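Only one structure is covered here, and it is reproduced in the block below.
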Protein chains: 2
Amino acid sequence: MTGQTDRTRFGRKPDRGSHERADFDAVVDAARIGHLGFVVDGEPRVLPMAYGRDGDFIVFHGSTGARPFRLLAEGAPCCFTVTHLDGLVLARSAFDSSMNYRSAVLLGQCERIDDEAEKWRVLDVITDHLLPGRRPSLRPMQRKEVAATMVLRLPIVEFSVKSRTGGPGDEPEDIHFPVWAGVLPMQTTFGAPVPADDLDAGIAEPDYLRTWRA
Amino acid sequence: MTGQTDRTRFGRKPDRGSHERADFDAVVDAARIGHLGFVVDGEPRVLPMAYGRDGDFIVFHGSTGARPFRLLAEGAPCCFTVTHLDGLVLARSAFDSSMNYRSAVLLGQCERIDDEAEKWRVLDVITDHLLPGRRPSLRPMQRKEVAATMVLRLPIVEFSVKSRTGGPGDEPEDIHFPVWAGVLPMQTTFGAPVPADDLDAGIAEPDYLRTWRA
């Protein structure tokens, strides 16, 4: 499966790009937030957004009262972009210095999920993406909570993936310029869990906190 | 100075919002990439983008051949959003679980900088933002590199900042549900520097690598 269309064809540096579905999934499955763009009165808006992946759809949830969600539910064109910054690439020159990254861009229109059983299922998918393994231990979801939540899905059809890995690409004449060159890797990590102020005594930290990937 | 306008007024959860310039600067000064949104044929596009802050402007650089840069240089409306994900907020319910974050949104139109001396200066500002302290040791910038680079500035006038901090906000009736609740902090960190394959022998790791904030 490929996500290439006229709208997702690469302009510059196509060697850094992919339209393979497996590459798209790898980028989005490894993050918890992306940036969702839409158009209001002809002008762009970009908001950070938590999400999940439900098979061939990226799924979002939000308050039924949120303006962006109402707009998206009406089928407004949107662009969802997920980026991992993996490192700073230090070349001998500023011009050739760069960043290592993985980024996925998905274009399309959201569909609102109205069926209550399906909303329930998709909300579970989002919870499992954001907080894997935690759902069975939670206070069960309530019908009024599902009713207050809008659930949208964006088909994974038209997409592109771009990434850069590896060391600096200096011009041959710069290689011996006497400055350190290489990559400073970056990663997101979890700190020590901070219990809620009102946590009941005797409740231990769950194992899943130690198995999650940031 | 405040960034509030009709377009940046808060809809939901205004208590999590700010229009203070100091709050905006704190968010953008602590990151290296943001997500830039613009409109192509009525449809949104969102791309990750490195940047700097030059006083009252966010500044970008890119290839003169890049399509998005040409569009932005023509004054297309844009939205630049910078987000830090600071932690996962684990409530007793999925509904009240959340994320701690800091996010800044800037609306406006870019201006292209054509004056060569000014381009040179702004490119230095971007290098100093991305790789602070490194510029004096680099192979000096060349006129042809400056000529091949488009430099844009986006005025910091119309903006908003939103953030969430602290522990979960469970409903009173959920507080004693027997599940661990609290915050799992997240942060971006640097790994050990990886020297370039073709780095000349005897060039030591510079001190600034150890002082940078991820």
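As the structure is a computational prediction, the values presented were derived from the model and not from experiment. Naming convention: chains lettered A, B, ... in sequence-line order (proteins, then strands); numbering from 1 in each chain.
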Any heavy-atom pair between the side chains of A:Arg134 and B:Leu90 that's under 4.5 Å? yes

Which heavy atom of A:Leu138 sits nearest to which heavy atom of B:Ala94, and what is that distance? CD1-N, 3.7 Å

Applying side-chain contact (heavy atoms from CB on, under 4.5 Å), run through A:Leu209 and B:Trp180 and close with a yes or a no. CA-CA 10 Å; A:Leu209 294 188; B:Trp180 191 89; 3.9 Å; yes

Hits for ring pair (Phe, Tyr, Trp, His ring centres under 6.0 Å) against B:His35, two or more places apart or cross-chain, chain-then-number order -> A:His35

Residue selection (most heavy-atom pairs with chain A, distance under 4.5 Å) from B:Phe190, B:Trp212, B:Tyr101: B:Phe190

I'd like to check A:Pro185 versus B:Val194 (side-chain heavy atoms, cut-off strictly below 4.5 Å). Are they in contact? yes

Checking heavy atoms, do the side chain of B:Thr127, its backbone, both or neither come under 4.5 Å from chain A? side chain

Assert top hit (heavy-atom pairs under 4.5 Å, partner chain B, pool A:Asp41, A:Asp124, A:Leu85, A:Leu88) equals A:Leu88

Passes side-chain contact (heavy atoms from CB on, under 4.5 Å), B:Cys79 versus A:Val46? Steps please. CA-CA 6 Å; B:Cys79 176; A:Val46 179; 4.0 Å; yes

Do B:Phe95 and A:Val146 have side chains that get closer than 4.5 Å, going by heavy atoms? no

From the list A:Gly37, A:Ala76, A:Ser93, the residue making the most non-hydrogen contacts under 4.5 Å with chain B is A:Ser93

Proximal component of A:Met99, with respect to chain B [non-hydrogen, under 4.5 Å]: side chain

Return each pair, listed once, that meets side-chain hydrogen bond (donor to acceptor under 3.5 Å, both in side chains) where at least one residue sits in residues 186-207 of chain A; pairs must be two or more places apart or across chains. A:Asp198-B:Arg92, A:Asp200-B:His176, A:Glu205-A:Arg210, A:Asp207-A:Arg210

Counting heavy-atom pairs under 4.5 angstrom with chain A, the leader among B:Arg135, B:Arg67, B:Arg7, B:His61 is B:Arg7

Picking from B:Ala50, B:Pro206, B:Gly167, which has the most non-hydrogen pairs under 4.5 angstrom with chain A? B:Pro206

Between B:Pro193 and A:Leu184, the two heavy atoms sitting closest are CG-CD1, 3.8 Å

Need one label for B:Ala91: side chain, backbone, both or neither, based on atoms under 4.5 Å from any heavy atom in chain A. backbone

Counting only heavy atoms closer than 4.5 Å, note whether B:Met141 contacts chain A via side chain, backbone, both or neither. neither

Side chains of B:Leu130 and A:Ser97: does their closest heavy-atom pair fall under 4.5 Å? no

So, B:Ser137 side chain and A:Val179 main chain: donor-acceptor pair closer than 3.5 Å or not? no

A:Pro48 vs B:Thr81 side-chain heavy atoms within contact, under 4.5 Å: yes

Contact class of A:Pro168 relative to chain B, heavy atoms under 4.5 angstrom: side chain

Answer with side chain, backbone, both or neither: which region of A:Leu123 has an atom nearer than 4.5 Å to a non-hydrogen atom of chain B? neither

Under the criterion side-chain hydrogen bond (donor to acceptor under 3.5 Å, both in side chains), which of B:Asp96, B:Asp170, B:Asp174 is the partner of A:Arg139? B:Asp174

Identify which part of B:Arg45 has an atom lying under 4.5 Å from any heavy atom of chain A, answering side chain, backbone, both or neither. both

What part of A:Val105 is in contact with chain B, defined as an atom under 4.5 angstrom from a non-hydrogen atom: side chain, backbone, both or neither? side chain

Is any side-chain heavy atom of A:Phe177 less than 4.5 Å from a side-chain heavy atom of B:Pro140? yes

Of all heavy-atom pairs linking B:Leu199 and A:Ala181, the shortest is CD1-N, 3.5 Å

Crowding at CZ, B:Arg16 (>12 non-hydrogen neighbours, <6.0 Å): yes

